[in-house]
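Below is one structure, written out as structure tokens; the observations come after it.
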Amino acid sequence: MAVVLPDGSELTVPAGSTIEDVAYEIGPGLGADTVAGKIDGELMERHAEVSDGDRVEIVTDQSDEYLRVLRHSAAHVFAQALTRLYPDAKLTIGPPTDEGFYYDVAGVDLDENDLAAIEDEMESILDADYDIERSVRSREDAARIYADNEYKREILEEEAAGETVTFYEQGEFEDLCQGPHVESTGAIGAVTLLNISASYWRGDEDNETLTRVYGTAFERESDLEEYLEMRAAAEERDHRKIGQEMNLFSIPTVTGPGLPLYHPPGKTVLNELSGFADRLNRENGYEEVETPHVFRTELWKRSGHYENYKDDMFLLDVNDEEYGLKPMNCPGHATIFDQQSWSYRDLPKRYFENGKVYRKEQRGELSGLSRVWSFTIDDGHLFVRPDQIRAEIESVIEMIFEVVETLGLDVEVALATRPEKSVGGDEIWESAETQLREVLDAGSYDYDVEPGDGAFYGPKIDFGFEDALGRVWDGPTVQLDFNMPDRFGLTYTGEDNEEHQPVMIHRALYGSYERFFMVLIEHFDGNFPFWLAPEQVRILPVSDDTLGYAHRVKNALAEAGIRVDVEDRDWTVGRKIRQGHDDRLPYMVIVGEDEADAGTVSVRDRFENQRGDVDLDAFVDHLVAERDQKRVEPDFIAE
RNA sequence: GCCGGGGUAGCUCAGCUGGCAGAGCGAUUCCUUCGUAAGGAAUAGGUCGAGGGUUCAAAUCCCUCUUCCGGCUCCA
């Protein structure tokens with residue numbers, strides 16, 4: 001039989017060959033270095049058998065996947081150390097992740113103070129350099145070994161397919177595991193435990209709570225140090241920290257959880273964002289509407305939100321009648337559409353609202369601006385004929401990419417399909433999902449499919465952004481909805497003079513302003529592009545003698561619509577500059593006697609570039625252009 | 001909602017094996033009028049998240065609540 005190698009060539013090997021055999025077939029050096037392999041892209045143990053036609057890739061300590069293998073082994077080292085210190089601990093699963101590994105355990109009560117001792121034990125296991133050896137046992141033997149561990153027995157029963165299972169041994173420790181692993185514990189150069197939390201057995205909240213310990217491992221100590229420094233740097237970019245430093249927003253305890261307050265500088269940024277969205281909406285034929293924050297629950301019974309999300313809504317009793325704060329804007333917009341009759345010639349109808357919504361999310365979920373109880377969606381709802389669906393979705397995706405590219409963000413695209421809890425028939429869902437998929441394919445966008453992740457009323461395309469710590473959050477979205485128009489009885493008159501049902505498209509360019517703000521703060525580390533910066537320019541007079549000229553310069557900039565202030569505190573110039581950098585200003589303007597006499601300014605940007613003897617009008621012209629073109633970085637001095 | 005860790009001056013934090021509530025920054029006042037990343041001095045500033053308990057005595061120990069953080073689960 002033959003397997004296909006990464007370079008596309010075919011290699012003939014005897015039937016029953018393993019990955020390691022394939023490697024030896026390629027060359028004895030490679031065979032000896034083989035740690036694991038990939039069959040059709042899936043990471044496998046090096047003893048795994050290959051089949052005819054498989055795409056086979058050899059993993060050595062030079063491969064990208066090696067780190068994953070090493071971290072899996074590090075998880076075993078953790079388990080070994082834990083078992084030594086806590087013999088009653090029951091191991092469950094301990095996989096590698098993108099950043100490191102975790103191990104879920106039961107039967108122990110750990111807190112963060114216990115990690116240091118476990119880490120010490122792990123170090124000594126690395127030093128001991130135990131060989132990591134694979135062994136094969138019968139399922140009966142394995143079950144006997146795990147007589148006291150119901151979790152491992154459950155894994156044996158449900159997940160181990162064959163009559164035999166594999167174990168990996170290192171020193172006195174062994175663990176049921178499919179591998180692959182590194183040669184010996186000494187191959188793991190550096191290991192650390194990061195934090196401790198809870199998880200549920202098999203990820204089901206009805207199951208027992210397990211203790212999850214997160215850690216990471218590297219080949220070299222220097223790599224670990226680099227990683228820890230990176231993490232520390234990422235923490236510095238945390239939007240909650242920067243939000244405080246730049247006076248953007250606060251979420252005080254007294255106002256209730258997840259209810260952010262925007263301070264003037266924060267609101268300034270939000271206004272710029274909504275202005276940008278206004279322009280895009282106007283250019284794309286949207287009409288702005290406005291709806292109240294509270295409605296009769298009757299409305300959400302009609303839309304289906306009440307049935308699905310009643311427990312997460314803020315409900316009010318008003319004169320013995322139930323009202324609720326709006327968790328979504330779409331029922332309001334559908335109702336507006338329903339207030340008059342429409343011809344097929346009127347469609348598509350595109351409504352838009354910066355609509356504040358309220359959702360009583362689970363308390364443990366709230367986090368800065370990324371998960372909140374009150375947030376504003378730049379919410380658009382399109383009422384379209386079936387033949388208009390594709391063009392409208394394409395247009396929305398173009399608008400989203402205009403935002404993403406203007407700001408230089410990285411975005412992940414995902415198609416989310418029908419969830420378990422959903423309304424509407426099979427054909428409707430099928431058709432909706434197919435159309436979204438076709439648009440994505442036609443535009444040759446890279447995207448993942450997330451089965452079951454759609455909204456209850458329809459499938460959607462989600463656009464995700466990473467925060468400073470690499471967590472992905474949903475931002476922009478396009479959702480196709482055949483169900484809401486049905487529930488609201490929406491119609492238009494067709495060319496045939498018959499009544500037809502329009503299709504609804506829900507869309508948001510930012511998602512929620514709150515979350516998008518979080519993404520921007522962390523992406524730019526608070527160093528907003530000029531057009532977004534709360535304070536765009538600060539004038540620093542060298543001494544009080546030039547305060548008057550400083551104000552004249554300020555007025556000249558303010559007249560051009562620049563957000564500008566004069567630093568008039570009794571400080572040295574050095575101190576003022578220091579503060580200006582701490583405040584993340586795009587530009588500072590220093591004015592002293594020389595500038596006052598010449599009618600010029602001295603400009604300093606956030607990159608510490610400076611240029612003196614600058615003509616004021618030329619500077620203003622540049623700022624206006626930089627603002628209007630939404631350039632990402634201050635470039636007056638660079639240009 | 002679940003597990004773990006936190007909440008002390010406007011901000012960042014120390015104090016928490018019980019014994020007079022602290023520092024730096026910021027603010028205010030005074031001195032200084034300064035040329036590209038922190039000039040000097042003085043002063044003010046606190047219901048130690050809230051409530052209850054133990055104690056001669058609680059920021060400190062115990063309980064309840066609240067809120068934040070890290071994960072888990074959830075996310076229209």
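Naming: A, B, ... by sequence-line order, numbering from 1 per chain. These numbers come from a predicted model, not from an experiment. Reckoned from all heavy atoms, side chains included, excluding hydrogens, waters and symmetry mates.
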Partner of rG22(B) under the Watson-Crick or G-U wobble criteria, both distances under 3.5 Å, comes out as rC13(B)
Grab the CG-P distance between L193(A) and rG71(B) for me, whole Å please.
16 Å
Residues in residues 457-467 of chain A with a heavy atom under 4.0 Å of RNA chain B, by number, are Y457(A), K460(A)
Atom pair distance, as rounded to whole Å: CH2 in W373(A) and C1' in rC68(B):
14 Å
Integer-rounded Å distance: rC72(B) C1' and N195(A) CG
12 Å
Please state the P separation for the pair rC74(B) and rC16(B) - nearest whole angstrom.
42 Å
Return the value, rounded to whole Å, for the distance between atom CG of D206(A) and atom P of rC72(B).
18 Å
Salt-bridge test for R359(A) and E514(A): reply yes if a basic N is under 4.0 Å from a carboxylate O, no otherwise.
no
Given atom NE2 of H333(A) and atom C1' of rA76(B), what is their separation to the nearest angstrom?
15 Å
What string of B, S and - do you get for nucleotides 28-37 of chain B, 5' to 3', if B is base contact, S is sugar-phosphate-only contact and - is no contact with any protein heavy atom under 4.0 Å?
---BBBBBBB
Suppose we call a contact any N or O donor and acceptor under 3.5 Å apart; does that hold for the side chain of R371(A) and the base of rC75(B)?
yes
Any donor-acceptor N/O pair under 3.5 Å between rG1(B) base and Y200(A) side chain:
yes
Please tell me which of L259(A) and D312(A) maps to the more 5' nucleotide of RNA chain B, matching each residue to the nucleotide holding its nearest heavy atom.
L259(A)
Just call it for D474(A): base, sugar-phosphate, or nothing, with non-hydrogen atoms closer than 4.0 Å on any strand.
nothing
Categorize P257(A) for me: base, sugar-phosphate, or nothing, with a 4.0 angstrom heavy-atom threshold over every strand shown.
sugar-phosphate
Provide the Watson-Crick or G-U wobble partner of rA42(B), both distances under 3.5 Å; none if there is no partner.
rU28(B)
Return the pairing partner of rU55(B) with a 3.5 Å limit on both distances, Watson-Crick or G-U wobble; otherwise return none.
none
Below 4.0 angstrom from OP1 or OP2 of rU66(B), is there any side-chain N or O of R363(A)?
no
Under a 3.5 Å limit on both distances, the Watson-Crick or wobble mate of rC2(B) is rG71(B)
Identify whether the distance between the nearest side-chain nitrogen and carboxylate oxygen of D379(A) and R507(A) falls below 4.0 Å.
no
Let me know the distance between CG of L366(A) and C1' of rU67(B), rounded to the nearest Å.
10 Å
Complementary nucleotide of rU64(B), counting Watson-Crick and G-U pairs under 3.5 Å
rA50(B)
Is any side-chain N of the basic residue among R418(A) and D426(A) closer than 4.0 Å to the acidic one's carboxylate O?
yes
Of Q579(A) and I251(A), the one whose closest RNA chain B nucleotide lies more 5'
Q579(A)
I'd like a list of close polar pairs between nucleotides 3-5 of chain B and the protein, N/O only, cut-off under 3.5 Å.
from, atom 1, to, atom 2, distance (Å)
rC3(B), O2, A198(A), N, 3.4

Side-chain N or O of R240(A) closer than 4.0 Å to phosphate OP1/OP2 of rC69(B):
yes
Between T477(A) and H506(A), is a side-chain hydrogen bond (donor to acceptor under 3.5 Å, both in side chains) present by the stated rule, with each step listed?
CA-CA 8 Å; T477(A) 185; H506(A) 309 238; over 6 Å; no
Would you say R202(A) places a side-chain N or O within less than 4.0 Å of OP1 or OP2 belonging to rC72(B)?
no
